[in-house]
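Report on the following structure.
Throughout, residue positions are numbered sequentially from 1 according to the sequence presented.
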Amino acid sequence: MKTVKSLSKILLLAITAIACQKQIAPPQAIVPVPNDCQLAWQDLEIYAFIHFTTNTFTDKEWGYGDEDPFIFNPVEINVEQWVATIKEAGLKAIILTAKHHDGFCLWPSKFTEHDISKSPYKEGEGDLVKEVSEACRKQGLLFGIYLSPWDRNFAGYGKPEYIDYYRNQLKELITAYGPFFEIWFDGANGGDGYYGGAREMRKIDGKIYYDWENTIKMVRELNPEAILFSDAGPDIRWCGNERGIAGETNWNTINKDTLYAGKPNIEKLLNEGAEDGNSWVPAEVDVSIRPGWFYHAKQDSMVRSAENLFKIYLESVGRGANLLLNLPPDKRGLIHENDVKVLKEWRALIDKTFSNNHAAGMKATADTYRGKSKLYAASNVTDGNKETFWTTDDDVKKGSIIIEFQTLQMVKYIVIQEYIKLGQRVKAFDVEVWKDDAWEKIVAGTTIGHKRILPLKALETSKIRLNITDSKACPIISNIEIY
């Protein structure tokens with residue numbers, strides 16, 4: 001009977017302890033926060049851009065708009081090769097340039113004669129938007145489109161009638177080939193062009209001409225889950241350059257009510273975001289595997305190396321942004337052998353570098369954690385579950401986590417992730433290693449966000465300490481990996 005009473009007492013204590021744990025509420029979100037579509041987009045991390053149009057055959061970057069559709073004739077085209085190559089490289093989606101600035105459409109549009117139906121491709125019966133979208137879905141990749149707001153072919157560009165034309169084509173694409181995971185609106189708008197034979201310069205006021213508010217409203221109704229890109233968002237923003245570099249300080253927040261696509265002198269703002277921004281608009285880094293966005297034979301020897309792409313990966317995904325890598329098909333209609341080779345080498349380099357997480361399941365302790373509840377203890381950062389996290393009490397904006405290894409480990413990279421569902425918080429941090437019976441600081445940074453990858457000077461150590469030294473509110477760290 002005494003044993004039964006003792007067991008009952010232990011059970012009661014356990015139940016009480018669990019009840020106490022449940023009483024410790026998680027931190028309140030600090031707004032703005034990402035919506036579900038933005039969270040899913042962020043988890044993609046890397047995907048492909050495909051630039052392919054008449055420019056591929058004229059050896060231009062920006063077509064003038066007077067190109068004869070008859071020159072578009074990729075006689076060996078194989079979109080399955082595009083998708084398979086991209087998938088094998090570990091990319092999760094494709095965005096196709098359905099229409100670039102030259103106005104040539106890769107689908108048979110009922111609103112223009114300047115499209116693929118007037119080319120010799122498949123004797124005028126081809127539809128590359130359909131073919132690529134179907135190949136993506138067949139191989140399990142997401143599909144999106146780029147539709148340039150600027151059209152150097154359309155006679156009415158610069159006039160109100162073009163806005164109806166542009167919206168009609170958006171609606172045509174979404175209803176025939178959607179839903180899309182992302183729709184890409186370029187910031188290049190207005191200039192010289194063919195314009196139906198006028199051959200003149202046409203400038204527009206990018207702030208008001210497109211009436212983006214109503215265009216976006218229409219897209220939301222037709223394709224509510226699509227992520228919409230432009231300099232100003234509304235869902236994701238340009239990173240401010242085409243070199244593949246996100247800001248070392250990279251806030252997911254920005255005041256988009258002061259921005260519009262093509263607004264000048266905002267590159268630094270777009271690169272770094274704004275700590276006090278009132279909207280969640282994370283950065284997308286777009287860069288090409290070659291010097292140009294379209295294929296040029298003279299650039300066959302100028303394809304980026306796997307090592308250069310790895311550096312870009314660290315400076316984009318590794319700074320909390322997503323990477324959109326351009327892979328332009330050649331005149332045959334294939335991703336060139338040189339590009340394919342580099343992609344394979346790049347994937348192998350990423351896989352090799354991040355194959356053995358020394359922190360997985362290791363002991364993690366913290367100098368402070370929320371309510372002394374195991375729900376928020378340091379062990380959550382090494383458990384492999386992105387939905388658990390370490391955090392502190394509301395009034396504590398600093399804290400340290402120590403991860404101990406069972407034996408000495410060679411470390412070269414540390415990966416840190418915030419639990420961004422509750423907002424981006426960390427403003428400053430540093431990392432220390434245990435060396436010669438003392439802590440030695442080896443790297444420091446500002447923001448973390450979705451993912452921060454820090455290259456370290458290779459060294460052996462038995463433990464690592466992450467110090468959050470400043471935060472907008474109690475810091476929330478969901479994951480730490482060490483390689």
Side-chain angles (χ1 to χ4, degrees), residues 43 45-46 89-90 244-246 248 250 304-321 323 342-367 377-386 388-390 399-419 426 428-469 475 477-483:
D43 285 339
E45 295 192 350
I46 315 174
I245 303 172
E248 288 195 55
N250 179 20
R304 294 180 185 274
S305 66
E307 291 73 20
N308 180 258
L309 287 180
F310 184 73
K311 182 175 183 290
I312 286 173
Y313 172 78
L314 295 179
E315 293 176 349
S316 55
V317 175
R319 293 180 179 174
L323 174 58
V342 168
L343 285 172
K344 289 180 178 178
E345 293 170 348
W346 179 46
R347 172 44 54 187
L349 184 55
I350 291 176
D351 290 345
K352 180 181 178 182
T353 302
F354 300 108
S355 62
N356 184 17
N357 176 14
H358 298 316
M362 290 295 103
K363 179 182 178 182
T365 56
D367 60 345
S379 57
N380 290 328
V381 304
T382 60
D383 67 358
N385 183 352
K386 68 179 183 179
T388 61
F389 51 80
W390 163 82
S400 298
I401 298 173
I402 296 174
I403 297 175
E404 298 183 52
F405 308 127
Q406 295 175 345
T407 59
L408 282 174
Q409 296 289 350
M410 177 66 71
V411 297
K412 296 182 179 180
Y413 299 90
I414 181 168
V415 179
I416 312 168
Q417 294 183 271
E418 284 188 83
Y419 191 74
V426 176
F429 68 92
D430 62 58
V431 176
E432 300 173 299
V433 296
W434 188 252
K435 183 180 179 183
D436 299 328
D437 296 323
W439 288 108
E440 178 182 323
K441 184 189 296 185
I442 55 171
V443 68
T446 52
T447 55
I448 294 174
H450 174 260
K451 179 176 285 186
R452 190 70 191 265
I453 306 175
L454 298 154
L456 312 175
K457 182 179 178 180
L459 51 82
E460 282 191 325
T461 187
S462 60
K463 51 188 175 181
I464 283 184
R465 181 163 69 184
L466 168 66
N467 302 305
I468 306 299
T469 57
I477 304 298
S478 64
N479 183 46
I480 298 176
E481 300 170 9
I482 297 168
Y483 299 94

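- Looking at Ile448 and Ile468, their side chains come closer than 4.5 Å, going by heavy atoms from C-beta outward.
- Gln409 CD to Ser462 OG: the interatomic distance, rounded to the nearest 0.5 Å, is 10.0 Å.
- With values rounded to the nearest 0.5 angstrom, Ile416 atom CD1 is found 4.5 Å from Leu466 atom CG.
- Residues satisfying the ring pair (Phe, Tyr, Trp, His ring centres under 6.0 Å) criterion with Tyr419, sequence neighbours excluded, are Phe389.
- Separating the OG atom in Ser316 from the CD1 atom in Ile46 is a distance of 7.0 Å, to the nearest 0.5 Å.
- Thr382 places a side-chain N or O within donor-acceptor distance of the main-chain N or O of Met362, the cut-off being under 3.5 Å.
- Here CD1 of Ile480 is found 4.0 Å from CD1 of Ile403. Values are rounded to the nearest 0.5 Å.
- Annotation: side-chain hydrogen bond (donor to acceptor under 3.5 Å, both in side chains) contacts of Thr388 (sequence neighbours excluded): Asp383.
- For Arg304, the side-chain hydrogen bond (donor to acceptor under 3.5 Å, both in side chains) partners are Asn308, not counting sequence neighbours.
- Using a 4.5 Å cut-off on side-chain heavy atoms (C-beta onward), Leu349 and Tyr313 make no contact.
- Residues passing the ring pair (Phe, Tyr, Trp, His ring centres under 6.0 Å) test with Tyr413, sequence neighbours excluded: Phe354.
- Side chains of Glu418 and Ile477 form a contact here, defined as non-hydrogen atoms less than 4.5 Å apart.
- The salt bridge (charged side-chain N to carboxylate O under 4.0 Å, His left out) check on Asp43 picks up Lys386, with sequence neighbours excluded.
- For the pair Lys311 and Glu315, the salt-bridge criterion is met [side-chain N within less than 4.0 Å of a carboxylate O].
- Contact record, Asn250 with Gly320: ND2-C, 3.8 Å, taken as the closest heavy-atom pair.
- Interatomic distance, CG of Asn357 versus CD1 of Ile482, reported as 7.5 Å (0.5 Å rounding).
- For Glu248, the side-chain contact (heavy atoms from CB on, under 4.5 Å) partners two or more places apart in sequence, or in a different chain, are Arg319, Arg452.
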Expected list for residues 431-443: side-chain donor-acceptor pairs under 3.5 angstrom, two or more places apart:
from	atom 1	to	atom 2	distance (Å)
Glu432	OE1	Arg465	NE	2.7
Glu432	OE1	Arg465	NH2	2.8
Glu432	OE1	Asn467	ND2	2.7

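- In this structure, the side chain of Ser400 does not engage the main chain of Asp367 through any donor-acceptor pair within 3.5 Å.
- Partners of Ala444 by side-chain contact (heavy atoms from CB on, under 4.5 Å), not counting sequence neighbours, listed by chain and number: Asp430.
- Within the structure, the salt bridge (charged side-chain N to carboxylate O under 4.0 Å, His left out) test picks out the following pairs touching residues 342-352 (sequence neighbours left out): Lys341-Glu345, Arg347-Asp351.
- Every salt bridge (charged side-chain N to carboxylate O under 4.0 Å, His left out) that Glu45 has, sequence neighbours left out, goes to Lys451.
- Residues Phe405 and Lys463 are not in side-chain contact: their nearest non-hydrogen atoms beyond the backbone lie 4.5 Å or more apart.
- Nearest heavy-atom pair across Pro475 and Val426 is CB-CG2, 4.3 Å.
- Under the side-chain hydrogen bond (donor to acceptor under 3.5 Å, both in side chains) criterion, Glu481 pairs with Asn479, Tyr483, sequence neighbours left out.
- For the atom pair Leu456 CG and Ile453 CD1, the distance stands at 11.5 Å (nearest 0.5 Å).
- A donor-acceptor pair under 3.5 Å is absent between the side-chain atoms of Thr447 and the main chain of Gly449, judged by distance alone.
- Every residue two or more places apart in sequence or in another chain was checked for a side-chain hydrogen bond (donor to acceptor under 3.5 Å, both in side chains) with Asn380, and none qualifies.
- The shortest side-chain heavy-atom distance between Ile402 and Ile464 does not fall under the 4.5 Å cut-off.
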